[in-house]
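Heads up: the structure comes next, in structure tokens.
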Amino acid sequence: MKYGIFSDIHGNLSALKIVLSYLNGKGVESFICCGDIVGYGPHPNQCIDMIKGLDNKLVIVGNHDWAAVGMEDLCKFNMLAEMAILWTQKELSNENTEYLKNLEYRYVDNKFMVVHGSPRDPIDEYIFDEEILRENLSFLNKNICFVGHTHIPIYFEISEEERVATLPLNDGAIISFKDNNRYLINIGSVGQPRDGDCRACCGIYDSNSNSLEFTRLEYDIERTQRDMKNFNLPEFLIERLTLGR
Ligand code: ZN
């Protein structure tokens, strides 16, 4: 099975469209979204509708999704994120509010697991480094775990003896998973990357060959920024899309 994997769309429709059309063109049979469909960006309803329209999908909820439907305390967010969440709350249709409320926060099957933040704390915890990853190892009980949340593509490979390698996930990277190792893959962000590269992130996981191919895609950033300006979303959130920070 070929899975298209992406995360942290954050209401950025131009970026989501590019990612989905790329994945469809690659013959993906199923989609995995690691959360945060909304928050920050100008198209929350359109992004949810687009994801709802996918045939085979596995959609996990993120902290901004919960905040946008009143299920997460806004004091956990900085002021600009909070402003965007309050705007998103007003913007969301009743139907899409219900949709976000009903999303699961963890998926596990016999091969892999999916959460937004970390295996230990699926909604809120950020895994930026090996130290936090180590604290999560006892919760990482599948060969592969896909996450988002930090908006920084990276992966950790954990050997049987629990040696950890922290590795970059660059455009075009291919990971061949070894059966005896464990992996935590942060697939980066579709709609607001923060690793200094403004291009949208996505990956294709092939469960037959047990490998993942990671890709960066250019999209129409100015179009998203124009719409953010029209809705008076915070200037810094508009600028950071160009910076990829
Ligand atoms: Zn996010």
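Side-chain atoms are counted along with the backbone in the values below, which use heavy atoms only and exclude waters and symmetry mates. Treat the numbers as computed from the prediction; the structure is a model and nothing was measured. Just so you know, ligand 1 is whichever comes first in the structure, and atom 1 is the first atom listed for that ligand.
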Check your understanding: Does some side-chain heavy atom of V114 sit less than 4.5 Å from a side-chain heavy atom of V108?
Key -> no
Practice item. Flag the pair E222 and R226 as a salt bridge only when some basic side-chain nitrogen lies within less than 4.0 angstrom of an acidic carboxylate oxygen. Key: no
Study note, to complete from the structure: Angle subtended at the Zn ion (ligand 1) by H151 NE2 and H10 NE2, to the nearest 10 degrees, is 90°
Review point. In degrees, rounded to 10 degrees, what angle do D8 atom OD1 and D36 atom OD2 make at the Zn ion (ligand 1)?
Key: 90°
Check your understanding: Got an N, O or S from H149 under 2.8 Å of the Zn ion (ligand 1)?
Key -> no
Practice item. Could you check if a side-chain atom of N143 sits within less than 4.5 angstrom of a side-chain atom of Y183, using non-hydrogen atoms only? Key: yes
Review point. Checking N45 side chain against S93 main chain: does a donor-acceptor pair fall under 3.5 Å?
Key: yes
**Study point:** Under 2.8 Å: N/O/S of H64 next to the Zn ion (ligand 1)
**Key:** no
